[in-house]
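This report refers to the structure that appears directly beneath it.
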Amino acid sequence: MTAIAKEKKKEAVSLDYSTKEGIEIYRHSASHIMAEAVKELFPDARLAIGPAIEDGFYYDFDVERPFTPEDLEKIEKRMQEIIKRNASFVREEISKKDAIKLFESKGEVYKVELINELNDETITIYRQGSFVDLCRGPHVLSTGKIKAFKLLSTAGAYWRGSEKNKMLQRIYGTSFLTKEELDNYLKKLEEIKRRDHRRLGKELDLFSINEDAGGGLILWHPKGAVIRKTIEDFWRNEHYKNGYELVYSPHMARLDVWRTSGHWDFYRENMYSPMTVEDVEYEIKPMNCPFHIMIYKSHRRSYRELPIKFAELGTVYRYERSGVLHGLMRVRGFTQDDAHIFCRPDQLEDEILKILDFTLYMLMTFGFSEYDIYLSTRPEKYVGSLENWEKATNALKFALENKGLKYEIDPGEGVFYGPKIDLKIKDVLGRAWQCTTIQVDFNLPERFDVTYTAEDNKPHQAIMIHRALMGSLERFFGVLIEHYAGAFPVWLSPVQAVIMTITDSQIEYAEGIVEMLKREGIRAESDFRGEKIGFKIREAQLMKAPYMLIIGDKEVKAGAIAVRTRKGEDLGQIKAEAFLEKIKKEIEEKVA
RNA sequence: GCUGGCGUAGCUCAGUCGGUAGAGCAUCUGAUUUGUAAUCAGACGGUCGGGGGUUCGAUUCCCUUCGCCAGCUCCA
């Protein structure tokens, strides 16, 4: 039992707030102080809930009109006063009946609703000054303990998160033990804005979304496309090395295919309306699996052939509600780095282990070493037998444990046809983006009758593993942009070197250098404009080009180039060949 | 989808308490030939997101519609 758990029995706690549990208590107390301030300023506000969250806290209120930024300032000021009053947090235990009476008398209908759902006969409440709130606690000793806080934003939020309920007004805030920590956090928020892939995507001319085309549909500009191509080439090569075969499949198919697969019954909310072609209904694909199954089934397969691994950069379309679209991270049309592995039962675990190794290798190459792993289990809407679900889930669990990877269970978050392992990459926002997914599926093979001929010369049902390592190229690209703040490693940089002349008299020499680099496969660009070198450097710097090759009379005379990096380092005069060797090596080794 | 906020030149933004708009950057033209993050000058560029209403007059006020942004997961 932790110290905090023990302290929960007491009225309020004095403890080390720098622990994870400690800071939660601290922030939860800050949320009570905010609620008190709101009640003092807006007596008609009804309290909902107000927990501590990842980087702060919030409290939901039912109020007549939404809070304005000016309201937040007033609330902040009032919170300062409440902190100055230094009222103690006092814990009380009262009977359920008294609790209901208490909150009814205050008109706190949401609190009454919550109490009614509690099974305990004794309810705990916390008071500070004249403010009282239904709360399990614990809290800090007194309001004066809160040293640094800030209210950040307001937003609508449904009561209990359901859009069928009334929308309440939520105030987000954060608090830290010291002003310094708070300032650091606010700085981090600025940094997050600076790295936003939507902003960088525009600034670096990587991609755009055009409202005439539609939301959630990505236009890849040349510079973004080069990066994508580089990723794809790497991906294809690695897949061939790992025993995959590449395939291509169409973007639509007859609706009956999706009926057979179960998508039409279990995944329809993510699918677009069918279109009718010569009286037959067709559907744009939300997944690639049925096509890979068809390729598998195009002829009979022997147990000797397995595992068969079909991989495809397959573009799929899924309906997402307009409000959830977000740059490259959440889109309606995206390309999965998809693959389906058809195997025998005895091969299943080994194949999952191979995929895990492959995944970690791929992610590492792109500079990601931090991720959270989840094992998602059977959802409410599912196909197949419970027995199959259990087999599949156990296979995934076994593989994770065998690898010694830490994971959490995500109950009910599996796909309708099978459980899955998800790897979530953490971006600078601290948000974890689901990229990798590995799904074991006994069900589609059954629905499509996917078999192989075994040693007994009889058909046996194959098992399928669906997997995407980067997830979708769009989302992965978004995470990459934020991860590198647009300054991609050389191998991914759309422009790897900008060659710039000091004056017109070096153009001929510089052209030779550019040509040589291009011939060697370097993405070199020239800037021979009649501008000052500082101006050219500034532009290349803003485009985050890793190398700037400056050529003046001195370099022409020496038969060399002056190399500057985007970090501002001056590598001095070197021979073009030496530079070529250096940059080639960096590209080859994918140096970050 | 819901709630709120926002929508002015290619971009970033200012402005108009109702009298049809302005800056910087970008683009184009010219001059400048320059040594490590912005040379100078000129020109071009907008029916102020779309539609409707009020008004002598709307970019400004009202309604509606579209788009974008934030939140809607964290359960006393």
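Just so it is clear: chains get the letters A, B, ... in the order the sequence lines come, proteins before strands, and each one is counted from 1. None of these values were measured; they are calculated from a predicted model.
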For the atom pair CD1 (I583(A)) and CG (L549(A)), what is the distance rounded to the nearest 0.5 Å?
-> 7.5 Å

State the pairing partner of U16(B); accept Watson-Crick or G-U wobble contacts with both distances under 3.5 Å, and report none otherwise.
-> none

List every contact pair, protein side and nucleotides 48-51 of chain B side both N or O, where the distance is under 3.5 Å.
none

Please indicate whether K74(A) has more than 12 foreign heavy atoms, meaning atoms of other residues, nucleotides or ligands, lying under 6.0 Å from its NZ.
-> no

For F579(A), ring pair (Phe, Tyr, Trp, His ring centres under 6.0 Å) partners two or more places apart | Y547(A)

Nearest-0.5 Å distance, CD of residue E370(A) to NZ of residue K424(A) | 16.0 Å

Taking any strand in view, what nucleotide pairs with G35(B) in a Watson-Crick or G-U wobble way, both distances under 3.5 Å?
-> none

Name the residue closer to the 5' end of RNA chain B, choosing between G327(A) and R321(A) according to the nucleotide with the nearest heavy atom.
-> R321(A)

Thinking salt bridges, do E190(A) and R194(A) make one under a 4.0 Å N-O criterion?
-> no

To the nearest angstrom, how far is I171(A) atom CD1 from C72(B) atom C1'?
-> 16 Å

So, R170(A) and D60(A), do they make that salt bridge, N to O below 4.0 Å?
-> yes

If you measure from the Lys or Arg side-chain nitrogens to the Asp or Glu carboxylate oxygens, is any gap between R78(A) and E40(A) under 4.0 Å?
-> yes

Counting Watson-Crick and G-U wobble pairs only, both distances under 3.5 Å, name the nucleotide matched with U29(B), or none.
-> A41(B)

What nitrogen or oxygen pairs link the protein and nucleotides 2-11 of chain B at under 3.5 Å?
unit_1, atom_1, unit_2, atom_2, d
C2(B), O4', Y158(A), OH, 3.3
C2(B), O2', Y158(A), OH, 3.0
C2(B), N1, Y158(A), OH, 3.3
C2(B), O2, Y158(A), OH, 2.8

Extract from the structure each pairing of a protein N or O with an N or O of nucleotides 41-43 of chain B at less than 3.5 Å, listing the distance.
none

Just call it for R198(A): base, sugar-phosphate, or nothing, with non-hydrogen atoms closer than 4.0 Å on any strand.
-> sugar-phosphate

What is the distance, rounded to the nearest whole Å, between atom OH of Y59(A) and atom P of C74(B)?
-> 15 Å

Quick one: M500(A) CE to A37(B) C1', roughly how many Å, whole number?
-> 11 Å

So do the side chains of Y267(A) and R318(A) get within less than 4.5 Å of each other, counting heavy atoms only?
-> yes

Within the structure shown, what part of the strands sits under 4.0 Å from I209(A) by heavy-atom distance: base, sugar-phosphate, or nothing?
-> nothing

Taking side chain as C-beta onward, heavy atoms only, is S493(A) less than 4.5 Å from R566(A)?
-> yes

Does the pair K582(A)/E586(A) count as a salt bridge with the N-to-O cut at 4.0 Å?
-> yes

Is the NZ or CZ atom of R378(A) positioned over Y382(A)'s six-membered ring, under 6.0 angstrom from the centre and within 45° of the axis?
-> yes

Within the pair Y172(A) and C72(B), is there a side-chain N or O less than 4.0 Å away from OP1 or OP2?
-> yes

When you check every protein heavy atom under 4.0 Å of nucleotides 30-35 of chain B, what one-letter string (B, S, -) results, 5' to 3'?
-> --BBBB

Using only side-chain N and O atoms of H326(A), determine if any of them is under 4.0 Å from OP1 or OP2 of A70(B).
-> yes

Base, sugar-phosphate, or nothing: which does R170(A) touch, judged by heavy atoms less than 4.0 Å apart?
-> sugar-phosphate

With a 3.5 angstrom cut-off on both distances, give the Watson-Crick or G-U wobble partner of G57(B), or none if there isn't one.
-> none

Sugar-phosphate only, base, or nothing, as touched by G215(A) at under 4.0 Å among non-hydrogen atoms = sugar-phosphate

May I have the distance from L151(A) (atom CG) to G71(B) (atom P), rounded to whole angstrom?
-> 17 Å

Going by atom type alone, with no hydrogens or angles, which donor-acceptor pairs under 3.5 Å involve a side-chain atom of residues 568-577 of chain A and a protein atom two or more places apart or on another chain?
unit_1, atom_1, unit_2, atom_2, d
E569(A), OE1, T565(A), OG1, 2.9
D570(A), OD1, G572(A), N, 2.9
Q573(A), NE2, E555(A), OE2, 3.2
K575(A), NZ, A558(A), O, 3.0

note: I499(A), atom CD1; U36(B), atom C1'; distance rounded to Å ~ 16 Å

Find the partner of A21(B): check Watson-Crick (N1-N3 plus N6-O4 or O6-N4) and G-U wobble (N1-O2, O6-N3) distances, both under 3.5 Å, and reply none if neither fits.
-> none

Integer-rounded Å distance: A70(B) P and L72(A) CG | 18 Å

With both distances under 3.5 Å as the test, what is the Watson-Crick or G-U wobble partner of C2(B)?
-> G71(B)

Under 4.0 Å between a Lys/Arg side-chain N and an Asp/Glu carboxylate O for R160(A) and E113(A)?
-> yes

Watson-Crick or G-U wobble partner of G7(B), both distances under 3.5 Å = C66(B)

In plain terms, say whether K193(A) and E191(A) are close enough for a salt bridge, that is, a side-chain N and a carboxylate O under 4.0 Å apart.
-> no

May I have the distance from E108(A) (atom CD) to A76(B) (atom P), rounded to whole angstrom?
-> 16 Å

Checking A76(B), C74(B), U36(B) against the side chain of L134(A) (C-beta onward), the nearest is A76(B)

Just how far, in rounded Å, is C1' of A76(B) from CZ of R91(A)?
-> 12 Å

Among the candidates A37(B), C72(B), C75(B), find the nucleotide nearest to the side-chain atoms of I49(A).
-> C75(B)

About how many Å separate OG of S31(A) and CG of D133(A), when rounded to the nearest 0.5 Å?
-> 7.5 Å

